[in-house]
Amino acid sequence: MYVASKHVVEGLTKSAALEAAGFGVRINAVAPGPVDMEMLDSFSGGAERKAAMATAVPLKRIGRPEEIADEVLFLASHKAGFMSGQIVAVNGGKTAS
């Protein structure tokens, strides 16, 4: 279900971006990797497993919530004015490996 829902978000983002483009509306999505939040604590099942998850990230650490927020702020800013229909991975390089 998790993988299927990720594909739905990607498809919806791209489809909505195409439909909204004529109105000057940009639509993008952020796909975060493991982020140090309560949800990750419950998902990982403990500090050891959480540390193991960090070793699988090329940057060798878990992301911070403010790093995800920074990307959202960028996408909402004029600096991303020509971006639309993109899925931005903020995951410490996991999709590059």
Side-chain angles (χ1 to χ4, degrees):
M1 290 301 259
Y2 176 75
V3 173
S5 66
K6 286 183 76 143
H7 284 287
V8 168
V9 170
E10 288 185 21
L12 183 60
T13 299
K14 292 176 181 184
S15 177
L18 291 173
E19 289 185 31
F23 300 99
V25 175
R26 298 179 299 110
I27 298 179
N28 297 292
V30 175
V35 178
D36 195 11
M37 297 179 67
E38 189 175 317
M39 184 174 158
L40 182 63
D41 293 337
S42 63
F43 174 76
S44 66
E48 278 185 26
R49 290 186 66 196
K50 191 170 160 182
M53 289 177 83
T55 64
V57 175
L59 289 179
K60 302 297 181 210
R61 66 177 180 84
I62 300 294
R64 297 183 308 272
E66 59 269 19
E67 291 173 310
I68 307 306
D70 287 344
E71 187 60 38
V72 172
L73 286 172
F74 166 73
L75 289 172
S77 77
H78 71 280
K79 293 179 180 181
F82 201 53
M83 285 181 72
S84 192
Q86 299 304 303
I87 314 301
V88 181
V90 184
N91 60 18
K94 280 189 69 76
T95 50
S97 59

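Here, residue 1 is the first one in the sequence, and each next residue gets the next number. Please read these numbers as outputs of a predicted model, since none were measured by experiment.
- At most 12 non-hydrogen atoms from other residues, nucleotides or ligands lie less than 6.0 angstrom from CE of Met37.
- Linking Ile, Leu, Val, Met, Phe, Trp and Tyr whenever their side-chain heavy atoms come within less than 4.5 Å leaves Leu12 and Val72 in two separate clusters.
- No chain of hydrophobic side-chain contacts below 4.5 Å, direct or via other Ile, Leu, Val, Met, Phe, Trp or Tyr residues, connects Ile27 to Leu18.
- Pairs passing the salt bridge (charged side-chain N to carboxylate O under 4.0 Å, His left out) check and including a residue from residues 44-62, sequence neighbours excluded, read Asp36-Lys50, Asp41-Lys50, Arg61-Glu67.
- Note that CD of Glu10 and CD of Gln86 are 11.0 Å apart. Values are rounded to the nearest 0.5 Å.
- Looking at every heavy atom in both residues, Pro58 comes nearest to Gly93 through CG-O, 3.3 Å.
- To the nearest 0.5 Å, atom CG of residue Leu75 and atom CZ of residue Arg26 are 7.5 Å apart.
- With hydrogens and angles ignored, the 3.5 Å screen pairs a side-chain donor or acceptor of Ser5 with a backbone N or O of Tyr2.
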Check your understanding: Should Val57 and Met53 be marked as a side chain to side chain contact (heavy atoms under 4.5 Å, CB included) after you check the CA-CA gap, both sets of side-chain angles, and the distance that decides it?
Key -> CA-CA 7 Å; Val57 175; Met53 289 177 83; over 6 Å; no

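- For the pair Asn28 (side chain) and Met83 (backbone), a donor-acceptor distance under 3.5 Å is present.
- Here Ile62 contributes atom CD1 and Asn91 contributes atom CG; the two are 11.5 Å apart, rounded to the nearest 0.5 Å.
- Panel note: side chain Thr13, backbone Gly85; no donor-acceptor pair is recorded below 3.5 Å.
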